Amino acid sequence: MIRLLIADDEDLLRSALAALLALEPDLTVVAEAATSTDAVRLAREHRPDIAVLDLEMPPADGLDAAARIMAALPGARVVLVTRHARPGVLRRALAAGVSGFVPKTTPASRLAEIIRDVAAGRRYIDTDIAASALTEGPCPLTDRELDVLRACRTGASVSEIAAQVHLAPGTVRNYLSAAMAKLGVGSRHAAARRAWEEGWI
């Protein structure tokens, strides 16, 4: 039996996916989680073979949870499921050692096949996501702009961001303004969100 942990902050989707995968004769769902924090905790507790994680889970995200689960359980594998499959996120996921990357439109029967492949030691990347990753343009932001946006994602104030990245508050404001202008968005939070979606931070 392949032991699974299913994590998604949308209760209906998580429950439906867990129920459908549990119908497969060689798959068993040992735990379900609604947050990235619970996913890591339950993975340590139940030691699944594969964690199927939603990319966009609070309070961190599925990629953060994936890294923590794989660090805690060296033999465990992770399949990320996402509604917004950005090529940059794919690159970060592969660098982190994630074994599968699939869109939420994937049928449960196909996901079961992918899980079996991953359990056998293979990787699976959705072909559309992979094609996009090969044609994506470069990131328009500087390293410092990315640093302040990364800090901004935690909800920190400008002064807290400044302390975190060792810059003056005015300098942080300048970097945030430059990033907002380059990305064509109206707030620093929107800029951080866009940078995260693109996989730049």
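For clarity, every value in this text was computed on a predicted model and none was experimentally measured. Note that these values count all heavy atoms, side chains included, but never hydrogens, waters or copies made by symmetry.
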More than 12 heavy atoms of other residues, nucleotides or ligands under 6.0 Å from CZ of R150: is that the case?
->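 Yes - once you tally the heavy atoms of other residues, nucleotides and ligands closer than 6.0 Å, there are more than 12.
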Which pair of non-hydrogen atoms, one from [X] and one from [Y], has the smallest distance, and what is that distance?
X    : Y    : value
A195 : L141 : CB-CD1, 4.5 Å
A192 : R153 : CB-CG, 3.7 Å
A151 : I161 : CB-CG2, 3.8 Å
V185 : A190 : CB-CB, 3.8 Å
R123 : L94  : NH2-O, 3.3 Å
L73  : A43  : CD1-O, 3.2 Å

Assess whether side-chain contact (heavy atoms from CB on, under 4.5 Å) is satisfied between T82 and F101, documenting all intermediate values.
-> CA-CA 8 Å; T82 181; F101 201 91; 3.9 Å; yes
For the side chain of [X] and the backbone of [Y], is there at least one donor-acceptor N/O pair under 3.5 Å apart?
X    : Y    : answer
D126 : P103 : no
R68  : V40  : no
R3   : A31  : no

So does D26 pair up with R116, basic N to acidic O under 4.0 Å?
->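 Yes, this pair counts.
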State plainly whether the residues E45 and R41 are in salt-bridge range, i.e. N to O under 4.0 Å.
->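 Counted as a salt bridge, because a side-chain N and a carboxylate O are separated by less than 4.0 Å.
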Interatomic spacing from [atom1] in [X] to [atom2] in [Y] - rounded to 0.5 Å:
X    : Y    : atom1 : atom2 : answer
S159 : R173 : OG    : CZ    : 8.0 Å
R14  : M57  : CZ    : CE    : 10.0 Å
R144 : N174 : CZ    : CG    : 13.0 Å
K104 : L13  : NZ    : CG    : 5.5 Å
I115 : L111 : CD1   : CG    : 4.0 Å

So E32 and S15, side-chain contact (heavy atoms from CB on, under 4.5 Å) or not? Walk me through it.
-> CA-CA 8 Å; E32 295 181 43; S15 299; 4.2 Å; yes
Step by step, would you call E56 with R193 a salt bridge (Lys or Arg N to Asp or Glu O under 4.0 Å)?
-> CA-CA 11 Å; E56 298 184 56; R193 172 76 181 173; 2.7 Å; yes
Does the side chain of [X] reach to within under 4.5 Å of the side chain of [Y], using non-hydrogen atoms?
X    : Y    : answer
V102 : Y124 : yes
D61  : W196 : yes
D8   : L53  : no
T35  : D38  : yes
C152 : Y175 : no
E145 : L176 : no
R194 : E198 : yes
L149 : W200 : no

Identify whether [X] and [Y] are in the same connected component of the hydrophobic contact network (ILVMFWY, side-chain heavy atoms under 4.5 Å).
X    : Y    : answer
L80  : I50  : no
M70  : V52  : no
L17  : L55  : no
V158 : M180 : yes
L5   : L21  : no

Run the side-chain contact (heavy atoms from CB on, under 4.5 Å) check on V81 and T106 step by step: do they pass?
-> CA-CA 9 Å; V81 183; T106 305; over 6 Å; no
Output, in order, the C-alpha distance, side-chain angles, deciding distance and verdict of side-chain contact (heavy atoms from CB on, under 4.5 Å) for V78 and S99.
-> CA-CA 6 Å; V78 173; S99 297; over 6 Å; no
